[in-house]
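Worksheet: the structure to be examined is printed underneath.
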Amino acid sequence: MLIPHDTRIALDTVVDLVNTAPEGGPGDGLADIEALHGFAERHHISGVGVLTEKDLYAVRDVRARFAEIFAAPDAPAAAGLVNRLVAAAGTTPQLTNHDGYDWHVHYFAPDASLSDHLAADCGMALAFFVVAGEQERLRRCEAPDCRHAFVDLSRNRSRRYCSSRTCGNRLHVAAYRARRREAAR
């Protein structure tokens with residue numbers, strides 16, 4: 001699956017956003033305005049301006065709606081969720097080239113709020129997966145103590161963990177040790 005750079009950036013952003021409040025995980029990664037500002041800086045989101053409590057609550061709401069898309073049972077359900085999210089953001093597609101990137105599309109209005117920016121650009125990135133029949137690539141980690149969101153970009157759609165180095169390896173080692181204990185009995 002060929003993914004343009006702007007779509008890949010939006011996918012990384014939406015996954016990171018959803019994972020600021022992972023299912024069953026520790027505290028909120030967007031606990032305050034400072035954390036929200038840090039998120040925007042990490043993802044190089046331009047035109048953020050001064051963030052307020054209103055922005056924080058709006059981004060948390062968008063985050064919850066993205067989490068629903070990752071949990072959608074099928075493409076029609078995901079499509080409905082994406083459609084509502086993107087429509088509410090008031091998308092305004094524009095071609096742009098900036099920061100050394102070639103031409104690409106921004107879907108948010110020029111003075112959009114941070115939440116509308118995220119909803120429009122990240123929502124459209126997820127829309128492309130639904131359109132391509134690849135909605136099942138939007139997953140949650142199968143490690144019982146993790147549940148982080150991720151996008152499975154493996155060729156055969158077989159990725160099960162958010163990170164093979166942490167969650168995958170931890171579960172494989174635990175299974176190996178359990179087999180060894182069982183064999184020793």
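No hydrogens, no waters, no symmetry mates; every other heavy atom, side chains included, goes into these values. The model shown is predicted, which means the values in this text are computed figures rather than measured ones.
Under a hydrophobic-cluster definition in which Ile, Leu, Val, Met, Phe, Trp and Tyr are linked whenever side-chain heavy atoms come within less than 4.5 Å, directly or via other members, V151 and L17 are assigned to the same cluster. A continuous path of Ile, Leu, Val, Met, Phe, Trp and Tyr side chains, each step under 4.5 Å between heavy atoms, connects I69 with L153, placing both in one hydrophobic cluster. In the hydrophobic clustering of ILVMFWY residues, with side-chain heavy atoms under 4.5 Å counting as a link, F129 and Y107 come out together. Y57 and V50 are not part of a single hydrophobic cluster, where members link through side-chain heavy atoms under 4.5 Å apart.
Side chain of E68 to main chain of R63: no donor-acceptor pair is present (N/O by atom type, distance under 3.5 Å, no hydrogens or angles). Within the 3.5 Å criterion, the main-chain N or O of V82 finds no donor-acceptor partner in the side chain of R65. Remark: side-chain polar atoms of T7 are not paired, donor with acceptor, to backbone N or O of I3 under 3.5 angstrom. Put simply, the side chain of R139 gets close to the backbone of E136: a donor and an acceptor are under 3.5 Å apart. With R60 contributing its side chain and L30 its backbone, the two residues share a donor-acceptor pair below 3.5 Å. Counting only distance, with no hydrogens or angles, the side chain of D121 and the backbone of H117 share no donor-acceptor pair below 3.5 Å. Judged by distance alone, the side chain of D16 and the main-chain N or O of D12 form no donor-acceptor pair under 3.5 Å. In this structure, D28 contributes its side chain and A21 its backbone to no donor-acceptor pair below 3.5 Å. Not one N or O on the side chain of D152 forms a donor-acceptor pair closer than 3.5 Å with the backbone of L138.
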Requested in this report: Output, in order, the C-alpha distance, side-chain angles, deciding distance and verdict of side chain to side chain contact (heavy atoms under 4.5 Å, CB included) for F70 and V18.
Outcome: CA-CA 9 Å; F70 274 82; V18 170; 4.3 Å; yes
Query raised in the report: Please walk me through it: do F39 and L114 pass side chain to side chain contact (heavy atoms under 4.5 Å, CB included)?
Result: CA-CA 11 Å; F39 176 86; L114 178 57; 5.6 Å; no
**Report entry** Residues D55, T52; criterion side chain to side chain donor-acceptor pair (under 3.5 Å); working and verdict
**Finding:** CA-CA 5 Å; D55 294 306; T52 66; 3.2 Å; yes
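A heavy-atom distance below 4.5 Å is found between the side chains of L11 and L126. Inter-residue side-chain proximity for E134 and R157 is flagged as met; some heavy-atom pair is nearer than 4.5 Å. Side-chain contact between L36 and V48 is absent, with no heavy-atom pair separated by less than 4.5 Å. No side-chain heavy atom of V105 sits under 4.5 Å from any side-chain heavy atom of Q94.
The two residues A120 and A89 come nearest to each other via the heavy atoms N-CB, 3.9 Å. The nearest pair of heavy atoms linking Q135 to A75 is OE1-N, 3.4 Å. Heavy atoms only, all atoms of each residue included: V130 and A78 are closest at CG2-CB, 4.0 Å.
E142 and R147 are not joined by a salt bridge, as no carboxylate oxygen comes within less than 4.0 angstrom of a charged side-chain nitrogen.
With respect to L118, the side chain to side chain contact (heavy atoms under 4.5 Å, CB included) criterion is satisfied by exactly one of L85, V14, T13: T13.
Rounded to the nearest 0.5 angstrom, R160 CZ and S154 OG are separated by 12.0 Å. Note that OG1 of T20 and NE2 of H148 are 9.0 Å apart. Values are rounded to the nearest 0.5 Å. Rounding to the nearest 0.5 Å places SG of C146 at 11.0 Å from OH of Y161. Between F108 atom CZ and C122 atom SG the span is 10.0 Å, to the nearest 0.5 Å. We find the CG-OG distance between D61 and S115 to be 8.0 Å, quoted to the nearest 0.5 Å.
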